[in-house]
Structure formats: C-alpha cells, structure tokens
4 protein chains.
Amino acid sequence: MPAPRESTDRAERASTASVGIYGASGTTGVELARLLHRHPDADVAFATSRSESGATLDAFDPAAPRIPLVHPDEADLASVDAVFLCVPHGTAGPLAERCVTAGVRVIDVSGDHRLRDADLHRRTYGSERSEALAERAVYGLTEFARDQVRDAKLVANPGCYATASILGLAPLAAAGFLTDLSIVDAKSGVSGAGRAPTATNHFCSVSEDVRPYKVGRVHRHVAEIEQELAAHDPEGRAHRIVFNPHLVPLERGIEATIVVRGADVDDVRSAYARTYEGEPFIRLLAPDETARIRAVARTNRADIGVCDVEGTDAVVVTVALDNLVKGAAGQAVQNLNVMLGLAETTGLEG
Amino acid sequence: MPAPRESTDRAERASTASVGIYGASGTTGVELARLLHRHPDADVAFATSRSESGATLDAFDPAAPRIPLVHPDEADLASVDAVFLCVPHGTAGPLAERCVTAGVRVIDVSGDHRLRDADLHRRTYGSERSEALAERAVYGLTEFARDQVRDAKLVANPGCYATASILGLAPLAAAGFLTDLSIVDAKSGVSGAGRAPTATNHFCSVSEDVRPYKVGRVHRHVAEIEQELAAHDPEGRAHRIVFNPHLVPLERGIEATIVVRGADVDDVRSAYARTYEGEPFIRLLAPDETARIRAVARTNRADIGVCDVEGTDAVVVTVALDNLVKGAAGQAVQNLNVMLGLAETTGLEG
Amino acid sequence: MPAPRESTDRAERASTASVGIYGASGTTGVELARLLHRHPDADVAFATSRSESGATLDAFDPAAPRIPLVHPDEADLASVDAVFLCVPHGTAGPLAERCVTAGVRVIDVSGDHRLRDADLHRRTYGSERSEALAERAVYGLTEFARDQVRDAKLVANPGCYATASILGLAPLAAAGFLTDLSIVDAKSGVSGAGRAPTATNHFCSVSEDVRPYKVGRVHRHVAEIEQELAAHDPEGRAHRIVFNPHLVPLERGIEATIVVRGADVDDVRSAYARTYEGEPFIRLLAPDETARIRAVARTNRADIGVCDVEGTDAVVVTVALDNLVKGAAGQAVQNLNVMLGLAETTGLEG
Amino acid sequence: MPAPRESTDRAERASTASVGIYGASGTTGVELARLLHRHPDADVAFATSRSESGATLDAFDPAAPRIPLVHPDEADLASVDAVFLCVPHGTAGPLAERCVTAGVRVIDVSGDHRLRDADLHRRTYGSERSEALAERAVYGLTEFARDQVRDAKLVANPGCYATASILGLAPLAAAGFLTDLSIVDAKSGVSGAGRAPTATNHFCSVSEDVRPYKVGRVHRHVAEIEQELAAHDPEGRAHRIVFNPHLVPLERGIEATIVVRGADVDDVRSAYARTYEGEPFIRLLAPDETARIRAVARTNRADIGVCDVEGTDAVVVTVALDNLVKGAAGQAVQNLNVMLGLAETTGLEG
C-alpha cells in the first residue's frame, strides 16, 4: 500500500483550508461538522440544509457545534477549497457536477459515485448521475486509494458496511485467498439508519431487539463490496458475498464477523500484516483476539481480529469500526487530509 | 414429529404436581420460579440456594416471586414429583443421581447430561458424572423428543444457543440438505451469561458494544449442536458448524443467522413446514421475513425465517427465541408438562 | 377504601364479556390488546385503526397478538358490552357520546373526560367534549373509585404520571398532611410518549440521555393531579404541586420521587398502610426501601416506599409503576373487571 | 469570580509537565489517562495499580490508551510535577501526605480531603487522614477556587453529584436566595458507581430500571454540598438540602433537577449570569430551556437551565454534566491546568 505521507511542508501552507458541508443536518453531516470543528487546519465556511436553513446544527444534535445552517442556494462555492456532500443519493450527482465545474473538489458521502458500472449504479440506486463525472471519481477507501485521492476532483466516500467488509476481505482477494463465497454477518448501531424518525428507529422498537434485515445479496452495499473485491483481485475475478446486516440496540458502531473458506489462518494474518503495516488507523489484533465496537467507538480506527476454526478449512475474521467515523465522516476527513497534503491523522483520533 | 398430546384426562388428575428447584437464585432458576409461579398445575415445594439460603428469591431479581430459599440439604426430596437442576455443571451430575435414586424425575438445566459421548463430555465440560445415568438421559429439545421425554427419568435440557441452532439445522440434516459446513452467527442478550457480576456483564462494558467471543468451534454448545445434527441425519453423518457467538446490549433473547449451502430455498422451507407443522411453539415466518428478538421475548416461541440469496447456492435462515424461556426455563417447563401428561402449552406463552 | 369485591357469582355468568378497542394501533391500544388476549373472561370483538385498517396489530409491535384492525366505521357497537377509547383526546369525546348513547359502556383512556371543570379542560386540552357527558364520567383510579366505577357508563382512565402521583399524594391529602407545595420528580420510559416516530423518541436521541421537559406546572397531568388532591382533601382545599417529568432511556415504567414537607414519617407510612390495606395492586415497601421500576414492569402493581430525611421536616416518597399497565391499559382492564363484577385481578399480574 | 487566566507566557515554558496517576485502573483513572493522553502540555510519567500492575490500561477499558500499569511502590515521585489520586478514600490520605512531603503537588480525586471539619469527615468517610494536611487542602471546584488552586499543594477534587449541585446552588446561596430547604433530584449514569462488578451494576439489573437510592440526607456528597453552601453564604449560614440520587440506565452523565423556594426566577437567572460570565465550561441555557445529558457528555461543560413555576414561589433549575469529566477527571485536569499556569481549557472540550 502507498504509505501515508507526512506533510513536511505544512508550515509553508499559507492558510487553513476552507470547506463546505452540503446536507449538514443529517447524521453524517453532524458528525463531520463535529470533526471539522476540532480540525486544526480546516474551517467550515458553510453548512447547508434545504429544509432547516436558519436553524443551528445543535438543534439536531445537542452535542453538535452551534453552526448556522444556510439554504444551499446561499452557499458561496467561491469561498471554499472543497465540499462534502451529505445529501441523499440522487441529489449528490448533480450537485457534484456543479461543484467540480466551479473548480471545487468534492468528497461525496452519498452512494452516487461509488459504483463504476453505470448499469449496476442504476439498478442499485436508481438515480441519475453524470457518467462522465462518475468515471473520474475515486473510490476513497483511503488505505487503498490515497495515491489517487491526492489529486482527485471527486472522491466517492465508501459506505459504512462496505468499509468494514472491504478492510476485511480486500487483502484476501488481493492475495488470491478468496476461493469461495465469503459470509459477512454485520451488526450496526442505529445511527447508520439516519436521523429521520421512523417506526424502525423508535427507541421502543430498537431496544431489547436484534433485527436482521435485507439479508443475502439485497443490501445496496453488496454491489460496492463486490466491485472492490474484483478490483483488488490481481486477475479481476468476481467474488460474491453473502451479506447479512442486523440492527442492534446501540447508537454507533459496526461489527462484521466474516467467514472465509480454504485459506490458511497464518496466511490470512500475514496478508493483513503486510497490507496494513504502518497504517495509523488499522490495528491488527493479537491471534484469536476479536474486534469489538467499544474499542473503536468515536475513533477513526478499524480493528481486525483473525481466529482459526479448528477441524475445518474456515477462518473467522472480525472487524469493528465506528460507522459514523471510519465508516463515514472520519474517512471523509481522512480523504480531505490526503487531498490537502496534510498528515492523514490531522484532526482524527486513531 | 410426534404430535403434542392434548391432555384429555386433565380433570381426572388428583392434584397439582409438586416440584423443586435446585440452584434457584441463578438467572435460569429465577425465570423458572416465575414461570412455575403462574403455572396452574405445578407448585414449587422448595427452591434451594447453597450460598443464599434464608433469603427470598426477589432479593436477586425484584421481579421474581417472593419464594424462600432453603439450603439444598433441607430440601425434602420426598415431597416432590420432579426437580429442576439449575446448579453449575459438575454439581448437577451427582445431584441428578441422588434424585433419580430417590425416585424423583429430573430436568437437568446444566450441561452435565447433554453430551452422550463420555470422552466428549469430559473434554467439553471436564466434569465428573455417572456414565450409567448419562446413558439414560434424554436430550430434551421437546419438539424432537417428546416421546422419550414422556417417560424419562432424566431430561437433559438443551443449551440456549443449542436450541436456536438445532431448531434451525436439524430439519435440514434430517432431510439430507446439509452438504457443507454451516455457519451460525449468534447474538445473545446478557442474561445468557448468568447473574454473577463480572467485568464482562458490567453495564459500562456491555452498553454501546457488540462483542464476538469464542468464535469458531470453541463454544461448549458446538459439541451439543453437532451431536444432535448427526443424530438427526438419517445416515448418522457428522456435520460440522462454525459457531460465532456475540454479546449484544440487551437483557434477553438470542438471534441466530445461519447460512447453509447447496440447498434449494423452497426445499428448506418445506422441510421446516413439514417438521414443525402443528407445533405450538414454532412459527415459520413468511418467505423473506426475518426472525427478530422482540417478537419472541418473554414467550416460549421460536420464530424461523428463510431467505434466498440470489445468485448463489446459499440460503439464510434466521432463528429468534428468548434464551431464558425457550432457551432454558420455558423449555424445561415444556418438558415438565410432557412428563406430567399435561398439555404442552400449560403455563407457557406461545 | 371500598374493598375489592371478589366475584362470588362468577360461575353463574352466562358468557365472557365482549369488548372493542378504538385506536388499537397506538402504544396503549397494543398493550390493552395484549392484556385482553390473555384475559379469561373478555373477548376482543373488534380493534379499530382509522389509518391502518386491514393490517394486523403485530405489524405495529411484533409482540402484539395478530388481531385484525378494522376501520372504526366498520366496528359493530351492537356486538360489545364495553369499549376502550385509545384514540387522541378531542376524538374520544364525540366517540364516547356515540357509544354511551348506543348503550355501550366506555373506558376512555384519553384525557377527554378526566378534568371535571369545563374551563380547566378547555385550557388544558383545548378539545371539545359534551359537558353533560363529562359530568357523569367517573375518574377511574380504581383503588379510590371502584364503587362509582362499578355502575359507571363512562370511566375516565387516569394518566400514567397522574396515577403515580395520586397514589403517592392522595392518602396524604386525605389525612390532612399536605401543608406545603409537594415536589414530584418523575422519570418515564419512552413508551409514555406514544408510537408515532419523532426526533424525541429516536433511539439516538434517547439513549445515553436524561432529559427534563415541561417542568414546573406545565405538563397536562398537573391539572388532573391537583384536581384529585382537592377531591381527596376532606375540606376540599387546593394543593399545588411542582411536577418535573424526565425522559429516560428505557421502554416502560415510571418512577416518581416525591418530597412532602411538614409531615411525620410514621404518620405518612400509616396513612398508606391504612389506605392500601388489602389492595392487590399496591405494595407498601419496608421502611427506607425505595421503589424501582424493575420490580413492577409488566405488572399492574404500584410500589410505594417511604423514607425519612434526617434533620429536616421532609419525607421522601418513591412510587414505581409500569406506565403501560397500571398507568394505562392495566388500570383500564382493572376498571373493566370492576364494571363486569369480576375479581379485580382477573387477567392482571400483581 | 476570578477570571480564567489565559496563559500568555506559554511559549516560554521549558517543557511539558510530567504527572502521575495513582489508582489508574478505576473508572476515573481511566478517564484521566484518556484526557491526559491527548493533553498537549502534560505527559503521564506513571500510572499505578496495586492489584493490576503489569497489565496495560486498555485491559480495563478497550477505549483506554495502552499505558502500562506499575505497582505504586515502583512509581518514581521524583519524576513528576503533580499526581492525581484515584485510589479509594482512606488510602488517599496517607498517600497525599507522602507526595506533598516529597514536594509533589496533589490533586486528590477521592473524598479524603473534601470536608474541612474533622468530625464531619470521620462521620462521613470513617477514614484516617492528616488533619494538618487537610487544613491546607483547597476544595477544587475550579470556577470558584481557581485563585487558591493556582498555588495549592493539595487540591480536593469535588465529587460528581457535588459539582452538579454546587454549580446550581452556590450562586443562589451567595446571593442570599436560599431561604428554605432545597430539593435536589439527581440521576446518574452507571459509571458513577465505579468499575468493580456488583449485582447493582450488572447490565441485567440496570437496564429498563430507574432506581432511587440513599435518598434524603444519607448520600456522602450531602456533607460536601452543604459545606460549600455555607461557605458561599455571605453570612456563613447553614443550608440543608434533600438530595435524592437515582441510578439510570446509561453509562455517563448526571442530571440534577433542583427546586428552590422563595426566589424570583429573574433574580436566579441573573445570579447565574453574573457568576458564570466568561466561564468557558459553564453554559447558561435560554429561559425555560432544560439541561440534558446528551449535550454535555464527553465534555468538561456543565449546562444550567432555569424555569419558572407559574402560580408558586418555586424555581426549577436543571444542571447537566458528565460525571467522569466535569464531575471527576475533567475537572481534575482543569485544576492541573490552573496549577501549571496553562490556559484552563487546555486539553479539554467545552
């Protein structure tokens, strides 16, 4: 993997970067505002909300900074170096085009530019986008893409489940270890489903429950994960997965328990050790240790554990990350840092 | 499956049954006391606690009935028709022997009589037991064993994870559909780990976490599940599983998401429909519906959902039950009902 | 207090009662359906939902019985002995009138008939109602009103916070012990706020929070509580309270910590002991024991604890109950039992 | 109040401060390690644990930094400028003496030096301490004591409940507004009870409960609160409180709802505005807004809300803070900053 670049010329940069957040009142937007608020080298020039302009961000989350929300039409693109798009897919596509045309670099947190194949995108998201622009988008799982992110005009920030699954499976695809269907059993905190109140995220529906949903190959992130596994396979082979997501009663975090077949447990550990050596945000756990959410909550780190399954050809890999940080806003800031030539860890907790 | 027998001669029974609970202050003991307290045809003659005799049960759980706890030496075996053993494994073995010798029927909720093979038992639990007695024990997953339970002297009540896994996998083993390793990803509420306070069940350790533990083939229930799958296989073939348990922040309930390979989804559904037809405590969900804990909490019911995985040879089965009820105390009462010739649903919620 | 009447002529009753639930898909409606489903002497003839007719109740809560929902216009009033109104205030008023005119007895769970004074009602709820009918309504806190409930055409079922507060304060008002402002600090589970998803009951807003709201004398239940305190005062004096409600991260239950001044702690205990002697659903705790929610959850019981405050003239009273049971649906069933001449505890857990 | 001093000569300080933590494996110790780990001007030279030396801190909390724990006898006092005592009361007293004698400044997080009166201390804590040293201790509620903290040898860091209560009541005592018993109803997250596993902090005991405990004037923090109210009263008058603490199902945070009598609501607001003007860690909310835990969790801030109670002479004050931060470790760091002449906000989130 390309090494994270320590910014040696930091002192020479004339000023802090100026960024904008579109769709700031959603879960990811609020988390992004919180991270950028503490970021030493980036200032939030504007934060938009189509329906809530006039309010301040802390009206949506009492722990958010008191940043005023403006209508997107009032956002001054000329004032910023980069923007984050936290608007719904379908809306992000056209907005990204406008920003890039205006010379502003874009980190798209929606799903609008994650899938390279136009047909697959349409089938998965059903939303319009500029295919010309989509072709230039960089899939921004930073650990694998920092060289392209550095100069990208448009970064497609990965999905939360996708980040966990790809961190666990891509090194194995790259090493040629994925010879069979991989099984990913994922559990997510409720913030992954957004801020809009629904029957599903009502406290009395979530508490004291575990709820599997969209199991198999139905969840949108499956397309994104399988696309990246093929991309990491040295021969470009397709790799299917069974992806079973579950809603669990906690606010933030994803834990993915992955079962792969036919690989040697030591080879699997070595593949991770090699791939993630020196990575500030990836921690390979001791043999037979498992990854848990409490260890990574509110950080940009992903933990990875590898366990043998005695008497079988299976290996169990556990991955944990914070869906709002490494799975969304934190990785977006990590990508911003790369784009700005800053140390990748700036403003982030590892 | 042998049909649940409706007790037609209920009116003729001279009196309610009298039962005892050994180890009543533990999680399962308390749940059992609660269920028996409401049971119309059984009275609790004694409830024991070695360390807590003199207290009443509600000292351990404010929602428990105010039943006095006596020292086990004071328990009058002559006064009861049957006993439940909620004591730790290793202790249950000798106690079962004493009870059976005294002519009292035993439902052993511990692991001491679940594994038929003596070596496997010793490797798994490391505890002494009478092998002669163990040979006569009936593995009491009621839906599959009611004919033997009816006249059993000693019923080995299944483990909570084992009940969920076997309900999901045994019909497939019986139908010859298990041709590959099955993957069971299980999530359990905290009550599954017992009442003794530990660093692991401290509120501040559990909340906002998902924690995989003993993944692979390390958990004790694996032996029990694999034993039963072989028993259900018409040709007695061994079936290995990968069993990945997780601790999640809720009090009660187990959800198991199972991936099987090589079986047709309609055949799988048919196998369940056939096996569980008329079962009062098993509910087969509509196609593509998934089982969730809130639907079964505080009932003796298990829900089973079957989902196709498009483009693969995998089928996803979800099973949910209450670990304290169908996974422990409720199934114990279900077994008691069978032993007493009562309707199986007496005192239980379906 | 009038003693609960044991129904001695139960065997002579020709048939079980037939009841209807209006507004069954709300939180109280679902709880009521669950309780009535297990009730040995009452059948649910219809359950209505204006917006959700055609669905079954378990679509709104997976633990609810699978009762079909019909449009209120299809509900056959002629088929029932009594109805429960779980519709919003403002809607309950006219509906109650129609039912009573049709000769059907009504238990109104809304706030439409709780306040006797027409002006106070209008200021508090702003809703229309028939004042002629309101005058005939019985305020159904069963322990205090069973003699009037027995023959009532219309019972106004008390609010959840009001039930907890009145159980704690009315015996003191009756004994002349309330000589100063009483302070009620109440904490409620999220189910108290209903099933409609809002920003306030989103899991990610409730978890890890304690949130005071409508503190002082702003909450609607204040009017109801103060009305009843005056009614219990032998001289009809007004008693003001400070009522501070809080939203806490749990599903069900209310705990009220009440501070009264100027009364002797032993006198306070005696007043409760006298008032609640023989009451099946009220438990007076041992001196200095405090009431907690876990002890009463899913029961129709209220626990009351009395604690001295050394060196002051204050007494602390703690009251706990399940807001959905004794605070709503359970008390409604308790009232139904009284109206039907059944044992008050029928179908309820104490 | 003395204004927080902005450290203007920061650049001239030769080096970062070196500090030690005694009793680092407890809840407060871990939080302190976490805060100091991020502190730009302080390094943790040692962290001790009598029973767990050899382990690293993250063994006790997966989110803690991986700091090695040494036996207290191995801690090199000569290497540090200041120490934090997170050991139990009774142990802190003698340890403080040793440190002060060695010329090391002490911030005692235990209760050993909070109470000035020797008799009151003995009655409250029953622990030995050097009265000579206790006399020199500064009660370190920073907003009120920064001038004495600056040069203190020994700072007694306030209790969590005490911090919330004093922030709410001291300005009113100082203004002469406390003319009657004040009622404090406090709710605390489970971390307030420490890390040692007990029946009380077991997940299955805490979840779905609200539990009042030690109500009245029984809790240890009452002595500390009443001591400080007398100290703030211009005439030194005693002020009694009724203090009712509750355990609620969340990890961190305290909310205190305080009722005071006989004061004008505008005067109360003015007293807070005057007292806390310019304070970086105190936020006075808008009129009728209430303080909630989610707004302050993981920050060193306390929020204060003031609400009128129409028709009475009562005012309701709500205070929220994070018991582990402003209520313990954060305030300890705030005190360290003052002692070191740093900006008070260094390393803390407001």
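Predicted model only: the values in this text are computed from it and were never measured. Letters A, B, ... are given to chains in the order of the sequence lines, protein chains preceding strands, and every chain is numbered from 1.
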Between D/R294 and C/S207, is there a donor-acceptor pair closer than 3.5 Å when you use the side chain of the first and the backbone of the second?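 Yes, the answer is positive, given that a donor and an acceptor are paired below the 3.5 Å cut-off.
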
Any sub-3.5 Å donor-acceptor pair from D/R240's side-chain atoms to C/T312's backbone N or O?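 Pair absent, no side-chain N/O of D/R240 close to backbone of C/T312.
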
Tell me, side chain or backbone of [X] under 4.5 Å from chain C's heavy atoms, or both, or neither?
| X | value |
| --- | --- |
| D/A291 | backbone |
| D/R261 | side chain |
| D/E255 | side chain |
| D/D322 | neither |

Does any backbone or side-chain atom of [X] lie under 4.5 Å from a heavy atom of chain D? Answer side chain, backbone, both or neither.
| X | value |
| --- | --- |
| C/R217 | both |
| C/E208 | both |
| C/V248 | side chain |

Presence of salt bridge, D/K187 and C/D185, under 4.0 angstrom: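 So C/D185 pairs with D/K187 through a salt bridge.
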
Which atom pair, heavy atoms only, marks the closest approach of [X] to [Y]?
| X | Y | result |
| --- | --- | --- |
| C/D209 | D/I293 | OD1-N, 2.9 Å |
| D/T318 | C/P212 | CG2-CG, 3.8 Å |
| D/L250 | C/P249 | CD2-CG, 3.7 Å |

Would you mind telling me which of D/I183, D/V259, D/L181 makes a side chain to side chain contact (heavy atoms under 4.5 Å, CB included) with C/V259?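 With C/V259 as partner, side chain to side chain contact (heavy atoms under 4.5 Å, CB included) holds for just one option, D/I183.
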
Counting heavy-atom pairs under 4.5 Å with chain C, which one of D/T290, D/D288, D/D308 comes out on top?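 Counting heavy-atom pairs under 4.5 Å, the top option is D/T290.
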
Option in D/G216, D/A297, D/S205, D/G305 with maximal non-hydrogen atom pairs under 4.5 Å from chain C: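 Ranked by heavy-atom pairs under 4.5 Å with chain C, first place is D/S205.
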
Residue, of C/A295, C/C307, C/A314, C/G311, that accumulates the most heavy atom pairs under 4.5 Å with chain D: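 Greatest number of close heavy-atom pairs with chain D: C/G311.
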
Could you check which of C/A320, C/G189, C/C204 has the highest count of heavy-atom pairs closer than 4.5 Å to chain D?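 Greatest number of close heavy-atom pairs with chain D: C/C204.
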
